[in-house]
Amino acid sequence: MADKKSPEEAAEKATNALMEKIVALCKRRGFIFQSSEIYGGLNGFWDYGPLGCELKRNIKDAWWRDVVQRRDDVVGLEATIIMHPSIWKASGHVDSFTDPMVDCKTCKKRFRADQLCEELGLKLESVETPTGKQFKLPAGAKCTACGSDQLTEPRSFNLMFKTFIGPVEDVSNVAYLRPETAQAIFAQFQNVLSCARQKVPFGIAQIGKAFRNEINPRNFTFRSREFEQMELEFFIKPGTDAQWHEYWVKERMKWYESIGLPASKLKPYVYKKEELAHYASACVDVYFDFPFGSQELEGIAARGNFDLSQHQKHSGKSMEYFDDETKEKYLPHVVEPSAGVDRIALALLCNAYYEEWAPTSESAGSAPIPAEHGKQPPAGFESRVVMRFAPRIAPVKVAVFPLLKNKPALVEKAKEVFHLLRSQFVSFYDEAGNIGRRYRRQDEAGTPFCVTIDFDTLGEKGPEMKDTVTLRDRDTLKQERVSIKELPARIAEAVK
RNA sequence: GCGGGUGUAGCUCAAUGGUAGAGCGGUAGCCUUCCAAGCUACUUACGAGGGUUCGAUUCCCUUCACCCGCUCCA
């Protein structure tokens with residue numbers, strides 16, 4: 001009786017097990033490692049290994065191509081991570097990124113100080129300081145859980161990483177690592193406008209690192225303290241907010257499908273009126289079904305002119321745009337699609353992971369079948385793990401093998417083919433172990449194509465087979481005879 | 001930050017108050033004519049720091065990391 005598990009518990013156990021397998025594969029194959037692992041690791045920080053950094057690069061390249069290079073109306077920007085502290089004052093991050101927390105010394109519960117006071121009908125006291133607000137509990141504050149008045153003073157957890165510019169560690173030299181890439185775009189709006197010869201509507205895009213001192217990093221790389229963002233600020237004429245917002249939500253959903261995330265696992269979450277920030281007119285989050293739940297990959301917000309007007313106010317510089325056609329001056333409104341690169345990488349890894357029963361040599365030629373949890377594969381099959389990345393996003397596009405390692409003519413020809421392909425695609429050469437083992441290694445790396453050089457390639461079966469190779473498909477395991485000449489075009493077609 | 005759990009090789013797991021063993025993997029060699037075959041050799045670990053003890057991977061404390069719940073989530 002005590003051993004009986006509810007369906008919910010069983011399902012939870014299965015998803016935990018799945019995440020653990022994905023984490024193990026990420027380490028085994030060199031996708032993601034713990035940061036500073038030899039020193040015990042560092043909470044909230046992760047490194048990308050040889051395959052992982054190729055994957056991430058492919059995500060960023062795809063985004064940059066689709067959002068910037070292939071459009072007439074978007075230009076790029078690469079700003080510094082540390083910027084003038086006033087930027088974060090203007091953006092609201094210095095004040096609103098702070099959560100004052102109090103702990104009950106008696107029952108160890110933790111509360112947001114403002115919420116606790118509100119519940120008691122009191123008002124949290126605060127004083128402005130150069131580095132943000134300092135909070136003080138009003139008289140009469142007590143723990144709402146146990147009633148004790150033994151509460152710690154409110155401590156501010158500002159989510160921005162702080163540092164100092166120059167040698168003196170002093171309040172006047174405080175600077176922050178950017179908690180988002182977006183603000184630099186607003187701060188450089190006039191510079192970009194004056195050189196890029198763009199007219200509203202147009203966008204400025206940036207990819208880069210951002211830092212948030214999260215209280216509680218969780219779910220592998222999903223919530224990290226150092227992460228990478230891809231943000232677009234698309235500046236529009238006031239009043240066209242709704243139509244552009246709708247446009248970008250559609251564009252972004254399409255993009256996720258283009259990198260191989262299925263529509264069935266992507267869900268738009270439309271913010272309700274009361275959930276919106278006061279300046280925003282609309283916001284849609286793109287959610288992905290991770291093994292640990294449906295979670296946000298990107299937020300697409302219509303932010304009005306809040307950011308530009310804030311910077312105009314704080315800097316005293318005009319952020320206005322002069323419209324040649326209507327001869328009007330105005331502060332452009334903005335639609336902001338803001339995506340997390342690491343979250344997308346994690347989504348791709350989770351989505352690509354499959355356990356299958358693949359045919360062994362006895363039943364070669366059969367199609368692989370999905371593995372059934374907790375069961376042994378049927379005779380003639382054995383389990384394999386395969387990462388089914390979309391070819392466009394796969395870290396390695398093609399692997400090249402000589403059928404046998406101890407035949408110099410095969411090795412020489414294979415290396416020749418490898419060098420030919422390497423000039424165009426991320427390629428991998430392997431000759432260790434038997435051919436099946438090498439195929440399986442590439443399955444775990446998610447390499448969509450394997451090319452094998454055999455004796456027919458050398459012309460042993462006659463001239464019509466000479467200079468043809470086996471092209472093996474990762475997903476179907478099907479093999480096809482293709483001439484070396486046609487190979488680059490075949491692969492290029494699949495990975496474009 | 002609180003509570004619970006976990007920490008032995010790259011992975012999965014074992015044993016033990018007297019300094020650790022296997023399978024898989026990896027590397028090298030032999031072999032191998034298309035899906036993890038075989039043989040040989042090599043490789044690698046008690047998360048970190050203290051304490052108790054003649055002696056600690058094992059017991060105790062602290063710390064770090066990971067997982068789960070709470071909390072938090074621009």
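Just so we're on the same page: letters track the sequence lines, and every chain starts at 1. Since we're looking at a predicted model, the values are computed, not measured.
- Position along RNA chain B of the nearest nucleotide to A:F292 versus A:G436 favours A:G436 as the more 5'-ward residue.
- A gap of 23 Å separates the C1' atoms of B:A28 and B:U33, to the nearest Å.
- In this structure, B:C72 makes no Watson-Crick or G-U wobble pair, since no nucleotide meets both defining distances under 3.5 angstrom.
- Looking at heavy-atom distances under 4.0 Å, A:Y39 makes no contact with the nucleic acid at all.
- One finds the CE atom of A:M387 at 12.0 Å from the CG atom of A:D475 (value rounded to the nearest 0.5 Å).
- At the heavy-atom level, A:A364 lies under 4.0 Å from the strands shown only through sugar-phosphate atoms.
- One finds the CD atom of A:Q183 at 9.0 Å from the CD atom of A:Q310 (value rounded to the nearest 0.5 Å).
- For A:L403, counting side-chain heavy atoms from C-beta on, the closest listed nucleotide (B:C34, B:U71, B:C35) is B:C34.
- Look at A:R440 and you won't find any side-chain N or O under 4.0 angstrom from OP1 or OP2 of B:A37.
- One can find a donor-acceptor pair under 3.5 Å joining the base of B:A37 and the side-chain atoms of A:N434.
- The interatomic distance linking A:R218 (CZ) with B:G69 (C1') rounds to 8 Å, in whole Å.
- One can place CG of A:L477 at 13 Å from C1' of B:A36, the figure rounded to the nearest angstrom.
- One P atom belongs to B:A15, the other to B:G47, and the distance between them is 16 Å to the nearest Å.
- Figure legend: cation-pi geometry between A:R218 and A:F222 absent, as NZ or CZ is not positioned both under 6.0 Å from the six-membered ring centre and within 45° of its axis.
- In summary, the aromatic rings of A:F449 and A:F425 are positioned with their centroids too far apart to meet the 6.0 Å limit.
- A:N216 has its CG atom 11 Å from the C1' atom of B:C2, to the nearest Å.
- Between A:F292 and A:F290, the two ring planes are parallel [angle under 30°; tilted spans 30° to 60°].
- Atom CZ of A:R438 and atom P of B:U33 are 12 Å apart (whole Å).
- Distance noted for atom P between B:U58 and B:A22: 22 Å (whole Å).
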Quiz: residues 402-414 of chain A side-chain donor-acceptor pairs under 3.5 angstrom, not counting sequence neighbours:
residue : atom : partner : partner atom : Å
A:K413  : NZ   : A:E416  : OE2          : 3.4
A:K413  : NZ   : A:D467  : OD1          : 2.9

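- Judged by atom type and distance alone, A:S361 does not reach the base of B:C35 through any side-chain donor-acceptor pair under 3.5 Å.
- Separation of the P atoms belonging to B:C64 and B:A48 is 15 Å when rounded to the nearest angstrom.
- Nucleotide B:A22: paired with B:U12 (Watson-Crick or G-U wobble, both distances less than 3.5 Å).
- Geometrically, A:R225 does not engage A:F211 in a cation-pi contact, judged by NZ or CZ lying under 6.0 Å from the ring centre and within 45° of the ring axis.
- From A:S224, atom OG reaches atom CG of A:D342 across 6.0 Å, with rounding to the nearest 0.5 Å.
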Protein proximity profile, nucleotides 4-14 of chain B - base contact B, sugar-phosphate-only contact S, no contact -, cut-off 4.0 Å on heavy atoms: ------SS---
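- A donor-acceptor contact under 3.5 Å links the side chain of A:Y439 to the base of B:C34.
- In this structure, A:E362 places its CD atom 13 Å from C1' of B:A36, rounding to the nearest Å.
- Separating the C1' atom of B:G26 from that of B:C61 is a span of 39 Å, rounded to the nearest Å.
- B:C72 and B:A65 are spaced 22 Å apart, taking the P atom of each and rounding to whole Å.
- For B:C66, the paired base is B:G5 (Watson-Crick or G-U wobble, both distances below 3.5 Å).
- Of all nucleotides listed (B:U33, B:A65, B:A36), B:A65 comes nearest to the side chain of A:Q34.
- In this structure, A:N406 reaches the B:U32 phosphate: one of its side-chain N or O atoms is under 4.0 Å from OP1 or OP2.
- Checking B:G1, B:C35, B:U32 against the side-chain heavy atoms of A:K405 singles out B:U32 as nearest.
- The distance from atom CD of A:E37 to atom C1' of B:U44 is 14 Å, rounded to the nearest whole Å.
- Nucleotides B:G4 and B:A37 are separated by 47 Å at their P atoms, to the nearest Å.
- The base-pairing partner of B:A41, taking Watson-Crick or G-U wobble contacts with both distances under 3.5 Å, is B:U27.
- Of the side-chain N and O atoms in A:K478, none sit less than 4.0 angstrom from OP1 or OP2 of B:C35.
- No N or O donor and acceptor, one from the side chain of A:R384 and one from the base of B:C35, sit under 3.5 Å apart.
- Atom CG in A:N43 sits roughly 10 Å away from atom C1' in B:C64 (whole-Å rounding).
- For B:C34, the base has a donor-acceptor partner in the side chain of A:D454 [N/O atoms by modelled type, under 3.5 angstrom].
- Judged as a side chain to side chain donor-acceptor pair (under 3.5 Å), and not counting sequence neighbours, the contacts of A:E275 are A:Y269.
- Atom CZ of A:F220 is separated from atom P of B:A65 by 16 Å (rounded to the nearest Å).
- The NZ atom of A:K397 lies 11.0 Å from the CD1 atom of A:I491; values are rounded to the nearest 0.5 Å.
- Spacing between B:U19 and B:U57 at atom C1', rounded to whole Å, works out to 8 Å.
- Listed pair A:R441 / B:G26 meets the phosphate criterion, a side-chain N or O lying under 4.0 Å from OP1 or OP2.
- Across all strands shown, B:U57 forms no Watson-Crick or G-U wobble pair with both distances under 3.5 Å.
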